[in-house]
Amino acid sequence: MAGIVMEGKKDLSISTEIVDVSNPSKVYVPLINCGVLCTATAKKGKKVKKGTKIGVRKDLDFPILSPVSGTVLDIKECLYLSGEKVPCVVISNDKLEKTVSKKLVKDITSYSKDEFVELLRKCAVTGMGGSDFPTFIKYKSDLKILIVNAVECEPYLTADTMLARLKSEEILECISAIMKINGIKKCFIAYKGNNSVVRDAFEPYINEYKDILLKPVKNIYPAGWERSVVKSVLSLDYDKYPSEIGVVVNNISTIYAIYKALKYQRNATKRIVTLSGEGFNEPVNILAKYGTELGPIVRKLGKYKVSSRIVAGGPMMGRALMNDNVVVTANLNGLLFLKDLKEEVNNCMGCGRCIKVCPQKLCPVFIMKNINNIDKLKDFHPELCVECGLCSYICPSKLGLRDAVIMAKKKVK
């Protein structure tokens, strides 16, 4: 697979303890799933508990669930990780942590496959590596192999690594249960070979599970891309989805959300988020409730340079934000404060580097040059772009190729 070695810059945040900020006075829960706007079901003034359905993605009957107990105050637009403002359900947190379901399941392997799939839907488990894809859909297929994606290949981000350090035993227990329920024969925990924190977190316990193996992958970007992970671990290709070859890939944070669903039959309500970058004076990982506005927390934990470029997610696939007040969601793994480099844009040199590094073998510069010619754009298939950002990163002329290809994707769909 195409890729390049990058400076990880993970030591900025990995050495510190997690700061718990998971008790906000209000939450702002976005009514969106995997890019699809959802319908609010919560009414102003309504009392809710953790796990109360406050919205729904109608085409999949996929719920949006409250992360707190309290009272619905309003529906207003807030800053989402895409850089856009989306409707959010505003809930006053009574801080009593009243929960819809308090059932503790002693044997988390006791579910049938159908019960498991339905549980993932009801508990609104989604891809926490960034995709926000409803996880229950992945498990509808007949599966033979599970790959747990702990690669975390983007620079600065260490949220998944910190989760592995803290919850390795629960994650292994959950993997074993998923395998038994779905008849999965083998699991590989994929991680960067140079990430000793992940390796050391699992090694004391993994020998208890003979069909779960640690699998190091190359220290390149984008090694954590789903297709790249499958290729690196299994030396296999597929057309559109890993399920075509009996494989399911879950981010390690998603696995922990599944554990919550299996163990307590309730939705995950918080996640680890990395705050980092050269523009932030005290990089750290925080534990935050879904729906928490990060602005006040960022300003309380550490100052950042006003000139910083604020990015939701990693520096390669993340999106630039207008300010720091983005709300926490299941798929927000980091908020970065990067040097705002004023780079001079030049004409294309014809070097072809963007073509060489593209993991999808696209021609980004030709897509950009034909941005206003729909017929030609279709021939270059911009819809296949995974938005990894390698084309912009490698371009000596600083052409902003990733943004151009993303724009082209929207035009041909």
Side-chain angles (χ1 to χ4, degrees), residues 1-4 6 32-38 57 59-60 80-86 127 129-134 137 153-154 220-231 237-244 249 309 311-322 331 341-413:
M1 299 297 292
I4 60 176
M6 288 184 171
I32 192 168
N33 169 250
C34 205
V36 178
L37 288 178
C38 302
R57 177 175 166 177
D59 61 332
L60 297 177
Y80 183 60
L81 57 77
S82 65
E84 302 170 323
K85 287 195 171 185
V86 301
S131 72
D132 200 29
F133 186 79
I137 296 174
C153 63
E154 287 227 42
I220 60 172
Y221 176 85
W225 173 40
E226 186 172 74
R227 190 177 293 272
S228 179
V229 168
V230 174
K231 183 69 172 179
D237 291 307
Y238 54 88
D239 183 19
K240 292 183 178 180
Y241 308 106
S243 58
E244 297 161 5
V249 182
R309 181 164 54 96
V311 176
M316 299 298 291
M317 295 189 73
R319 298 296 176 93
L321 302 180
M322 62 186 79
N331 55 331
L341 301 176
K342 302 296 183 181
E343 297 177 315
E344 183 180 352
V345 177
N346 296 296
N347 292 328
C348 176
M349 298 166 56
C351 66
R353 292 182 189 178
C354 61
I355 300 171
K356 291 177 182 177
V357 300
C358 179
Q360 287 287 66
K361 298 180 171 56
L362 301 180
C363 301
V365 68
F366 293 119
I367 292 172
M368 184 189 70
K369 287 180 177 180
N370 291 281
I371 193 73
N372 294 315
N373 188 326
I374 299 298
D375 291 333
K376 282 192 176 182
L377 273 184
K378 290 178 180 178
D379 292 336
F380 291 118
H381 297 288
E383 72 279 3
L384 298 178
C385 171
V386 295
E387 303 181 19
C388 69
L390 278 176
C391 53
S392 288
Y393 179 84
I394 204 72
C395 178
S397 297
K398 307 303 175 186
L399 292 176
L401 294 169
R402 175 178 179 251
D403 290 343
V405 178
I406 290 173
M407 187 185 301
K409 284 176 70 172
K410 294 177 181 178
K411 288 192 173 187
V412 300
K413 283 184 178 179

Quiz item: Got more than 12 heavy atoms from elsewhere within 6.0 Å of CG, Asn347?
Solution: no
Exercise. Return the minimal non-hydrogen interatomic distance between Asn331 and Tyr80, and the atom names on each side.
Key: ND2-OH, 3.5 Å
Quiz prompt | Reported CG-to-NZ distance for the pair Asn370 and Lys411, which is rounded to 0.5 angstrom | solution = 10.5 Å
Practice problem: Any chance you could lay out the side-chain contact (heavy atoms from CB on, under 4.5 Å) test for Arg227 and Tyr238, step after step, and finish with the verdict? | Solution: CA-CA 8 Å; Arg227 190 177 293 272; Tyr238 54 88; 3.5 Å; yes
Self-check item: Neighbour count above 12 (heavy atom, 6.0 Å) for Lys398 NZ
Solution: yes
Self-check item: Arg57 vs Cys34, side-chain contact (heavy atoms from CB on, under 4.5 Å): CA-CA, chis, key distance, verdict
Solution: CA-CA 10 Å; Arg57 177 175 166 177; Cys34 205; 3.8 Å; yes
Self-check item: Positive for side chain to side chain contact (heavy atoms under 4.5 Å, CB included) with Cys354, one of Pro396, Ser392, Cys395, Pro364
Solution: Pro364
Practice problem: Only counting residues at least two apart or in another chain, list the ones meeting side-chain contact (heavy atoms from CB on, under 4.5 Å) with Ser131. | Solution: Phe133
Quiz prompt | Side chain proximity check, Pro315 to Glu154, heavy atoms < 4.5 angstrom | solution = yes
Exercise. Evaluate side-chain contact (heavy atoms from CB on, under 4.5 Å) for Tyr221 paired with Met317, printing each intermediate quantity in order.
Key: CA-CA 11 Å; Tyr221 176 85; Met317 295 189 73; 3.1 Å; yes
Quiz item: Hey, are the side chains of Tyr393 and Val357 touching, using non-hydrogen atoms and a 4.5 Å cut-off?
Solution: no
Quiz item: Can you tell if the side chain of Lys369 reaches within under 4.5 Å of the side chain of Leu399, non-hydrogen atoms only?
Solution: no
Exercise. Carefully, step by step, assess Trp225 and Gln360 under the rule side-chain contact (heavy atoms from CB on, under 4.5 Å).
Key: CA-CA 11 Å; Trp225 173 40; Gln360 287 287 66; 3.3 Å; yes
Quiz item: Has Met349 got more than 12 heavy atoms of other residues, nucleotides or ligands less than 6.0 Å from its CE?
Solution: no
